*Asks:* 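Dumping the structure here so I can ask a few things about it.
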Amino acid sequence: MCGIVGYVGHRPALDVVIAGLRRLEYRGYDSAGVALALPGELWTEKRAGKLANLEAAVADSDPPPATTGIGHTRWATHGGPTDQNAHPHVSSDGAVAIIHNGIIENFAELREELAALGIHLRSETDTEVAAHLVGRELPRCDGDLAEAMRRVCRRLNGAFTLVAVDSARPDVVVGARRNSPLVVGVGEGEAFLASDVAAFIEFTRDAIELGQDQVVEVRRSGVTVTDFDGQPADVRPFTVDWDASAAEKGGYDLFMLKEIAEQPKAVADTLRGRIDRDGRLRLDDVRIPPSELREIDKIVVVACGTAYHAGMVAKYAIEHWTRVPVECELASEFRYRDPIVGPRTLVIAISQSGETMDTLMAMRYAREQGARVLAICNTVGATIPRESDAVLYTYAGPEIAVASTKAFLTQIVAAYLVGLYLAQVRGNKFGDEVRHILDDLAETPAKVDLVLDTVEGVREIARELADSPSVLFIGRHVGYPVALEGALKLKELAYMHAEGFAAGELKHGPIALIEDGMPVVVVVPSPEGRSVLHDKIVSNIQEVRARGARTIVVAEEGDEAVIPYADHIVWVPPCPTLLQPLVATVPLQVFACEMATAKGHDVDQPRNLAKSVTVE
Ligand code: M6R
């Protein structure tokens, strides 16, 4: 949550910082602020509401021409989204400005300590204590901002990224991180600090990953990194492999629309380069030796939200292909229930951002119990892949809209590759069987393209149903997590009551919800071979329709059995059942996006949400 930018260099810092915040606004958008540091002067401006409010305030003021500055876009935790609680927060002497992402858990006692010293806190935030503590520490360490930051960090509990500037030494920006994200961008005679590379990709692609509990000083002349005790720390430089245009709308009205349209490419990119000339899967980034993978007796997927739904889909496939039991667990629940994990457990942590705190904590817990952790992640250098034993990156490119779309499809693909790789290594499947499934997977980008060509009908249905108080989604087998995902999209974007159910569960309670005209979206599996699964869901459609539901049926082209019971039909291309989520989810994304648009909502930045949930 919260977006952080810091800059020191030769450009106007305000422009660089505001441009960076624009790219990070998806991380939090209930208030924003900037601070500029010049010799003997600190200039700040902050405003509640979206970044546009800050930009308007800045335009009405007379900012000094600084080349050092910091900026913040906030998702409130402690204290509501007001001007006063917006970051930066400034030390009592007015010299140090600090921005923060995370939660300082011992802030109450630090607040009391400061109050006892006669320091009046102007906000309700946990962040302000850090500003005062650093401000007080500075004179005790000869004005060395990095040392003051280290001393303060050693006193803080919780998760935090802090970035500070000091008007006494405006040639440096200092950052610190524990559990929350912070990356460094290195340019020619300039340097950047940011929650993610999107903030500075316009200026440089050379970046540095920071580790846990590190403090970084950036100057025009270079970057210094130490641990919290001041010892030099190892850092990992990397090059960002996408350019600034990947994080632009590129002619689309919404990031979400662009990201939905990018799905065929995202799926193809995630498959690319992972199959050798003999048709065998090669997952070079899975660094767990095959001997250990053969010993695995249980797989646990941990993830949140959409990534959790991808994990639920993967469970069906991985169990089917490997015969290893797979549990899929909400990361936020996992470590609190004394789960049974050990050295023979493979934990798969799925996260687009690689920074979701619940997922990070779940995987850390699993590692403590001796489990091996494999991350499926879309963000190179993020904390979750860095702390995992192995990582399989999804190549979706930056996902900016808060509602996850292309990440979902690529997470399913990556998890399937893991499942097939395990089946290959453990000998559950012959090479030609794996190859056959990979061939089917390779056809999915073209199929997703076909779906995208025909979604105008889905938009019409969405507009027609936009005033419905509630929408239900049902599915069976892998169609069940697809139904959950369809409902999640509608909740977060259209702010409507929406529920996903396993269709077989309806008669055990939820069918009582159905009343005349209630939309029910049904995800129908392939009729291939007249499967029992298919026949059962056709009965479920009839059951809800008999009780007045208005049925929106997502079915495979040519599936005539559903026609008599569908008020609306959305056709998707034929796919083997296990691959159907890759096509059947797409109309549901479009449905939610269009419904939210029809209701006049901000699709890319829905209320109360943030893209990257970096607090538990
Ligand atoms: O970055 P992650 O994949 O770990 O994020 C997990 C969830 O917060 C995320 O999928 C969330 O549910 C999306 N907003 C849903 O569209």
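Bear in mind that the values here come from a model prediction, so they are computed numbers and not experimental data. One is the number of the first residue; the rest follow in order along the sequence. Order of appearance sets the numbers: ligands from 1, and atoms from 1 within every ligand.
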*Asks:* For atom 5 (O) of ligand 1, grab the closest protein heavy atom and report residue, atom and distance to one decimal in Å.
*Replies:*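 For this ligand atom, the closest protein heavy atom is T356 OG1, 3.5 Å.
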*Asks:* For atom 1 (O) of ligand 1, what's the nearest protein heavy atom and its distance?
*Replies:*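 In this structure, atom 1 (O) of ligand 1 has S353 OG, 2.7 Å as its nearest protein heavy atom.
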*Asks:* Quick test: of every protein heavy atom, which one is nearest to atom 6 (C) of ligand 1, and how far off is it to 0.1 Å?
*Replies:*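 Checking every protein heavy atom, the shortest distance to atom 6 (C) of ligand 1 gives C304 O, 3.3 Å.
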*Asks:* Before accepting this row, confirm whether a basic side-chain N of the pair E327/K315 lies closer than 4.0 Å to the acidic partner's carboxylate O.
*Replies:*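 Looking at K315 together with E327, the answer is no, because their closest N to O distance does not fall below 4.0 Å.
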*Asks:* Ignoring angles and geometry beyond distance, decide whether K611 reaches within less than 3.5 Å of ligand 1 through its nitrogen or oxygen atoms.
*Replies:*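 It does not: no N or O of K611 is found under 3.5 Å from an N or O of ligand 1.
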*Asks:* Can you pull out the closest protein heavy atom to atom 10 (O) of ligand 1? Residue, atom name and distance to 0.1 Å, please.
*Replies:*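 Result: T306 N, 3.1 Å.
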*Asks:* Starting from atom 13 (C) of ligand 1, locate the nearest protein heavy atom and write down its residue, its atom name and how far away it is, to 0.1 Å.
*Replies:*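 Of the protein heavy atoms, V402 O, 3.8 Å lies nearest.
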*Asks:* Would you kindly say whether D358 and T356 are connected by a side-chain donor-acceptor distance under 3.5 Å?
*Replies:*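 No - no donor-acceptor pair under 3.5 Å links their side chains.
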*Asks:* Students should be able to answer this: which protein heavy-atom is nearest to atom 3 (O) of ligand 1, and at what distance?
*Replies:*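 Looking only at protein heavy atoms, the one closest to atom 3 (O) of ligand 1 is Q352 N, 2.6 Å.
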*Asks:* Honestly, is R607 close enough over Y495, meaning NZ or CZ under 6.0 Å from the six-membered ring centre and within 45° of the axis?
*Replies:*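 Flagged: R607 positioned over aromatic ring of Y495.
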*Asks:* Nearest heavy atom to atom 16 (O) of ligand 1: which of E492, Q411, Q589 does it belong to?
*Replies:*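 Among E492, Q411, Q589, the closest heavy atom to atom 16 (O) of ligand 1 belongs to E492.
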*Asks:* Look at the aromatic rings of H72 and H87 and report parallel, tilted or perpendicular, splitting at 30° and 60°.
*Replies:*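 The rings of H72 and H87 lie parallel, inter-plane angle below 30°.
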*Asks:* Looking only at protein heavy atoms, which one is nearest to atom 8 (O) of ligand 1, and what is the separation?
*Replies:*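 Scanning the protein heavy atoms, the shortest distance from atom 8 (O) of ligand 1 goes to V613 CG2, 4.1 Å.
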*Asks:* Tell me whether D30 contacts the main-chain N or O of A48 through its side chain, where contact means a donor paired with an acceptor under 3.5 Å.
*Replies:*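 Flag not set: sc D30 to bb A48 has no pair under 3.5 Å.
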*Asks:* Check each atom of ligand 1 against the heavy atoms of K489 and keep those under 4.0 Å away; list them by number with element.
*Replies:*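 Answer, ordered by atom number: 15 (C), 16 (O).
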*Asks:* Does any donor atom in the side chain of E399 or S404 lie under 3.5 Å from an acceptor atom in the other side chain?
*Replies:*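 Side-chain D/A pair, E399 to S404: present.
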*Asks:* Is it true that the side chains of E355 and S612 contain a donor and an acceptor less than 3.5 Å apart?
*Replies:*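 No, no side-chain donor-acceptor pair sits under 3.5 Å.
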*Asks:* Heavy atom of A403 under 4.0 Å from ligand 1?
*Replies:*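 Yes, that is the case, since the closest heavy atom of the residue is under 4.0 Å from the ligand.
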